[in-house]
Amino acid sequence: MTRPEERAITVERLAGLVLLADLGRVGLAHLGVPRSGALDLPAHRLANRLVGNDEAAATLECLGGGLRLRVGAATTVAVTGAQVPVTVDGRPRDWGDAVAVPRGGVVELGRAVVGLRAYLAVAGGVAVEPVLGSRSSDLLSGLGPPRVEEGDELPVGERPGAPRPVGVAVPPRAGDPLELVVGPREDWFDEAALETLGRAAYVVSSASNRVGLRLEGPALGWARSRELPSEGMVLGAVQVPPGGQPVVFLADHPTTGGYPVVGVLDPASVARCAQLAPGDEVRFRLTRP
């Protein structure tokens, strides 16, 4: 058995935002704590299963790709989510599969060619100390570990058993509409708003982040002029500020909001939002509860 310090991974280079992510801090919204955690949960879970980890183990969420790290001990890694070129010691390896890495080996992720956020799991998981039950970085509240920086040495847990058989990883798809269940504040919008939302195309704004996917397109009009008291927000809620541009609330969203929610995305659509880049086109398919 290798010692903990021998299992650490060293970050040698990164090109963009890299965060630690797990399943997040579930059930603490009454304390004002967002879920946070992996934005693309299916991709995070799959990466862990490929290397034999529990799905709750911490992975590295890499925005746009562009990451190089060195492993301390022989291990297994897997990369899912955004489709990125993967190499080990300079040799191309499979994206979406378990990849053996020798002691001292260098794993490199190139820039994303499909999607936006890649997830790298290492056998044993990244084993920083949890905060409120999670190892996720929360950029809005500042909970959890800080963003990963060049030169960081990240502890790795004990290697689990042999990887289990899993399904085939599928690269993110673009173009399918996001599934939105209308409500709970439908009555706050004018008659044309829902028709517009179900028909028009919106574009992902460069102001988007882990808090919210900000969209630009035809404005959605309010039917009321008074303010709405703050109320609880759920993951995937689509809130519409006075300017009429929808905002999809993601993993680091606040727990309350003061503008009406026109609808809520289903979990699969929320995961797809994690892979949308500025300039991507978005459409909604509306259903009712």
Side-chain angles (χ1 to χ4, degrees), residues 9 11-26 34-51 53-69 77-86 95-96 99 107-128 130-131 133-150 152 154-157 169 171-172 204 208-213 235-236 248-253 267 270-278:
I9 55 177
V11 179
E12 295 191 336
R13 189 175 65 200
L14 48 77
L17 180 66
V18 178
L19 301 172
L20 291 179
D22 58 13
L23 301 182
R25 300 176 178 86
V26 180
R35 177 182 73 81
S36 193
L39 229 56
D40 187 343
L41 277 176
H44 161 84
R45 289 184 166 120
L46 177 59
N48 272 326
R49 292 200 302 271
L50 285 165
V51 299
N53 288 346
D54 186 277
E55 292 181 348
T59 62
L60 292 174
E61 182 182 274
C62 183
L63 184 70
L67 172 67
R68 187 174 74 191
L69 53 84
V77 302
V79 180
T80 62
Q83 193 166 21
V84 297
V86 180
W95 170 91
V99 175
V107 180
E108 192 154 9
L109 280 58
R111 300 296 296 177
V113 292
V114 180
L116 186 62
R117 290 178 172 87
Y119 292 84
L120 184 146
V122 57
V126 181
V128 299
V131 176
S134 169
R135 296 183 168 91
S136 291
S137 309
D138 182 340
L139 297 184
L140 184 64
S141 67
L143 289 172
R147 60 184 292 171
V148 174
E149 302 284 0
E150 289 184 4
D152 283 354
L154 304 175
V156 174
V204 176
S208 299
N209 53 27
R210 287 179 49 88
V211 174
L213 188 77
L235 182 64
V248 181
F249 281 88
L250 303 178
D252 288 1
H253 72 83
V270 173
R272 287 175 45 213
C273 287
Q275 303 298 348
L276 293 172

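Computed from heavy atoms alone, side chains included, the values below leave out hydrogens, waters and symmetry copies.
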[atom1]-[atom2] distance between [X] and [Y], expressed to the nearest 0.5 angstrom:
| X | Y | atom1 | atom2 | answer |
| --- | --- | --- | --- | --- |
| Glu12 | Leu67 | CD | CG | 10.0 Å |
| Leu213 | Phe249 | CG | CZ | 11.0 Å |
| Leu63 | Leu19 | CG | CG | 8.5 Å |
| His44 | Leu120 | NE2 | CG | 12.0 Å |
| Arg147 | Leu17 | CZ | CG | 4.5 Å |
| Leu154 | Leu69 | CG | CG | 8.5 Å |

Quick check against the 3.5 Å criterion: does [X] have a side-chain atom that pairs as donor or acceptor with the backbone of [Y]?
| X | Y | value |
| --- | --- | --- |
| Arg25 | Val131 | yes |
| Arg135 | Val128 | yes |
| Asn209 | Gly212 | yes |
| Arg117 | Glu61 | no |
| Thr59 | Ala121 | no |

Taking all atoms of both residues into account, what is the closest heavy-atom pair of [X] and [Y], and its distance?
| X | Y | value |
| --- | --- | --- |
| Ala251 | Pro34 | O-CB, 4.0 Å |
| Leu140 | Asp252 | CD2-O, 3.1 Å |
| Pro145 | Ser136 | CD-O, 3.5 Å |
| Val122 | Asn53 | O-ND2, 3.0 Å |
| Tyr119 | Asp40 | OH-N, 2.9 Å |
| Ala47 | Ala78 | O-CB, 3.8 Å |

Heavy-atom distance under 4.5 Å between the side chains of [X] and [Y], does that happen here?
| X | Y | answer |
| --- | --- | --- |
| Ser36 | Arg210 | yes |
| Val107 | Val99 | no |
| Leu250 | Cys273 | yes |

inquiry  = I'd like to know whether Val113 forms a side-chain contact (heavy atoms from CB on, under 4.5 Å) with Val84, so could you lay out the CA-CA distance, the side-chain angles of the two residues, the decisive distance to 0.1 Å, and finally the verdict.
reply    = CA-CA 6 Å; Val113 292; Val84 297; over 6 Å; no

message = Using the rule given for side-chain contact (heavy atoms from CB on, under 4.5 Å), can you reason through His253 versus Leu235, listing the C-alpha separation, both sets of side-chain angles and the distance that settles it, and then say yes or no?
response = CA-CA 7 Å; His253 72 83; Leu235 182 64; 4.3 Å; yes

ask   = Do Arg35 and Leu41 pass the side-chain contact (heavy atoms from CB on, under 4.5 Å) test, and can you show the C-alpha distance, the side-chain angles, and the key distance before you say yes or no?
value = CA-CA 12 Å; Arg35 177 182 73 81; Leu41 277 176; 3.8 Å; yes

query = What residues form a salt bridge (Lys or Arg N to Asp or Glu O under 4.0 Å) with Asp22, not counting sequence neighbours?
reply =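 Once residues adjacent in sequence are excluded, Asp22 has no partner under the salt bridge (Lys or Arg N to Asp or Glu O under 4.0 Å) criterion.
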
Salt bridge (Lys or Arg N to Asp or Glu O under 4.0 Å) between Arg13 and Glu150, intermediate numbers included = CA-CA 5 Å; Arg13 189 175 65 200; Glu150 289 184 4; over 6 Å; no

